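Below: the structure, in structure tokens.
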Protein chains: 2
Amino acid sequence: MKQKDNTTEELILQEARKAFIQKGLAGARMQDIADKAGINKALVHYYFKSKENMFTIIFEQEFEKFFSHLATVLSADIPLFEKIEQVVSLDIERLSQFPDIPLFVINELSQNPGRMTKRFKQMRTENVLDIFQRQINNEVKKRMIKKITAQQLLINIQSLSVFPIMAKPMIKKVMQLTEKQYQQMIQLRKKEVAAFIINAIKN
Amino acid sequence: MKQKDNTTEELILQEARKAFIQKGLAGARMQDIADKAGINKALVHYYFKSKENMFTIIFEQEFEKFFSHLATVLSADIPLFEKIEQVVSLDIERLSQFPDIPLFVINELSQNPGRMTKRFKQMRTENVLDIFQRQINNEVKKRMIKKITAQQLLINIQSLSVFPIMAKPMIKKVMQLTEKQYQQMIQLRKKEVAAFIINAIKN
DNA sequence: TCTAAATTTAACCAGTTGGTTAAATTTAGG
DNA sequence: CCTAAATTTAACCAACTGGTTAAATTTAGA
């Protein structure tokens, strides 16, 4: 018997990933995925039962890819300002590689909030937030920073990192930027976002 | 001859708006829109030629609804910090009323960046940004704030206002918040976001 | 009341959708 | 080389898609 030849299966998954991220669950076409993988449509169903199933696999992969490292950095034992710099630079690094993931995740999660309840329960973010909050509280006590919740600070960090990238087409349109001007603006943010956040909370 | 009875036409548009915003262009169904409006599907085509056409009408309406007021506030003749507070509170006010619009606009613009080139050219945002930049430069000269471009500041404001609302399902999932906890967090931001921004740029 | 335009409908259509099926081909191991 | 499992295919299907058509009904004005 032929040993499971991963090449085909992975090729399909790879093309499916592109299709789903680009067009979403509703917009992606099984036929298109099959064509781009250079195989028959029935073969896609042979490997991945259904569109929904294939989508779920990909969605959970992308979701984890995006949040797995954040927890590590957030609970690391380094000074707060340094940590903020690290989170921002980690975010921007990932986002440069995979700029389409946040919109994809938010979109599909917004369409179906019940998706992916199982796999994520392992990553207990509560603990991570607690650790981060304790570190913040320490700095507040030392009068180094203003009072803020870990929740709000983390959301601010993510907002300032993620939004400018996921809103790219809107920003380009509203501010009438060329691709080059947009890229320059993002480059500038790599240097300035962390400083902006630190200034905002510093006493 | 019957005078154009707006009720039906507007009812269709209203249901189409809901459908498009909820499910996007690809996900929305003409039949579904007709059903929800309590009429026949052919009637939808009678009033609005095609799905694309109907979508374009709605998209442009929503886009303008979202950016029309921003220009006014940005070029108003009020102190910078006050202006920041006003922009933030305007944003959050609109977003509370129409929380789904940003995701909708970004999504569909991302799917088709060429959409809606005509109607938006009237609103020259360049001028607005220039005015805002001049005001910022003045404050910089007076040593009141740190140096920053109007572009970056505006993007920061929008990021901190819009992202937490459009990423709602993701934030709820990642931070494991109940609806109530999420709403409390948004309420808190209404008070804190403007202060956060002002602190970030203040000297 | 008559009529021509505006409105609304049921029935239909061709193309596309995700998915199935049964048969063909390839493969690894004995 | 045989064979049973794994892989791949072509052909098919029912449901659904956006859109059309021609006929029926309602409406306002003369």
Side-chain angles (χ1 to χ4, degrees), chain A residues 1-62 104 107-108 111-112 114-116, chain B residues 1-62 104 107-108 111-112 114-116:
Chain A
M1 41 200 132
K2 195 198 281 178
Q3 69 196 18
K4 208 164 202 179
D5 183 3
N6 277 349
T7 321
T8 302
E9 189 171 350
E10 275 173 17
L11 183 64
I12 296 172
L13 209 61
Q14 195 177 311
E15 293 301 331
R17 192 187 319 278
K18 284 186 211 164
F20 282 136
I21 289 174
Q22 249 185 54
K23 319 212 170 183
L25 172 57
R29 299 287 165 238
M30 296 300 269
Q31 186 62 59
D32 179 61
I33 292 167
D35 290 350
K36 294 218 167 103
I39 46 107
N40 193 285
K41 189 180 56 158
L43 192 52
V44 180
H45 283 90
Y46 170 76
Y47 284 115
F48 310 90
K49 193 173 163 67
S50 71
K51 190 188 189 185
E52 261 287 329
N53 185 52
M54 185 161 57
F55 180 84
T56 301
I57 291 169
I58 290 168
F59 181 84
E60 295 190 355
Q61 281 178 1
E62 297 304 313
F104 169 71
N107 232 341
E108 304 298 337
Q111 212 76 196
N112 180 356
R115 198 181 287 288
M116 187 219 52
Chain B
M1 44 201 127
K2 195 197 281 177
Q3 67 196 21
K4 208 164 203 179
D5 181 5
N6 278 349
T7 322
T8 303
E9 189 171 352
E10 276 173 17
L11 183 63
I12 296 173
L13 210 60
Q14 195 177 311
E15 294 300 332
R17 191 185 319 276
K18 283 186 210 163
F20 282 136
I21 289 175
Q22 248 184 55
K23 318 212 171 181
L25 171 57
R29 300 285 165 241
M30 296 299 270
Q31 187 61 61
D32 178 60
I33 292 167
D35 290 350
K36 292 218 167 105
I39 46 108
N40 193 286
K41 187 179 55 154
L43 191 53
V44 181
H45 284 91
Y46 169 77
Y47 284 114
F48 310 90
K49 191 174 165 68
S50 69
K51 190 188 188 185
E52 261 286 328
N53 185 53
M54 185 162 55
F55 181 82
T56 300
I57 292 170
I58 289 168
F59 182 84
E60 294 191 354
Q61 281 179 359
E62 297 304 312
F104 170 70
N107 233 340
E108 304 298 337
Q111 212 77 194
N112 181 356
R115 197 181 288 287
M116 189 218 51

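Treat the numbers as computed from the prediction; the structure is a model and nothing was measured.
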Between D:dT17 (P) and B:Gln31 (CD): distance, integer Å: 8 Å
Distance below 4.0 Å between B:Arg29 side-chain N/O and D:dC16 OP1 or OP2: no
Nucleotide D:dC16, atom P - distance to CE of B:Met30 in whole Å: 18 Å
For atom CD of A:Glu10 and atom P of D:dT7, their distance in whole Å: 13 Å
Contact summary for A:Phe59 and A:Phe104, nearest pair of heavy atoms: CD1-CE2, 3.9 Å
Partner nucleotide, any strand, of C:dG18 [Watson-Crick/G-U, under 3.5 Å]: D:dC13
Candidate pair B:Asn112 and B:Glu108, rule side-chain hydrogen bond (donor to acceptor under 3.5 Å, both in side chains), full reasoning: CA-CA 6 Å; B:Asn112 181 356; B:Glu108 304 298 337; over 6 Å; no
Distance in angstrom units between B:Phe55 CZ and D:dG18 P, rounded: 13 Å
Touch class at under 4.0 angstrom, heavy-atom based, for B:Ala28 against every strand present: sugar-phosphate
Whole-Å gap separating P (C:dG19) and CD (A:Glu52): 8 Å
Length of the CD1-C1' vector between B:Ile33 and D:dT17, whole Å: 13 Å
Spacing between B:His45 atom NE2 and D:dT20 atom P, to the nearest angstrom: 6 Å
Shortest non-hydrogen contact between A:Tyr47 and A:Ile12, atoms and distance: CD1-CD1, 3.5 Å
Separation of atom CE in B:Met54 from atom P in D:dG18, rounded to whole Å: 9 Å
Partner set under side chain to side chain contact (heavy atoms under 4.5 Å, CB included) for A:Lys18, not counting sequence neighbours: A:Glu15
Which atom pairs link the protein and nucleotides 10-14 of chain D when you take only N or O atoms and keep those under 3.5 Å?
residue, atom, partner, partner atom, Å
D:dA10, OP2, A:Asn40, ND2, 3.4
D:dA10, N7, A:Asn40, ND2, 3.3

Nucleotide nearest A:Tyr47 when distance is taken to its side chain, options D:dT7, D:dG18, C:dG18: D:dT7
All pairs passing salt bridge (Lys or Arg N to Asp or Glu O under 4.0 Å) where residues 37-57 of chain A contributes a residue, at least two apart: A:Glu52-A:Arg115
Proximal nucleotide (of C:dT8, D:dT7, C:dT9) relative to the A:Tyr46 side chain: D:dT7
B:Thr8 side chain near C:dT7 phosphate (N/O to OP1/OP2, under 4.0 Å): no
Selected nucleotide, minimal atom distance to A:Ser50 side chain, candidates D:dG19, C:dG19, D:dT7: C:dG19
Which atom of A:Ala37 lies closest to which atom of A:Leu11, heavy atoms considered: O-CD2, 3.3 Å
Partner nucleotide of C:dT8 by Watson-Crick or wobble geometry (both distances under 3.5 Å): D:dA23
Audit row: B:Asp35, B:Gln31, side-chain hydrogen bond (donor to acceptor under 3.5 Å, both in side chains) steps and yes/no: CA-CA 6 Å; B:Asp35 290 350; B:Gln31 187 61 61; 3.0 Å; yes
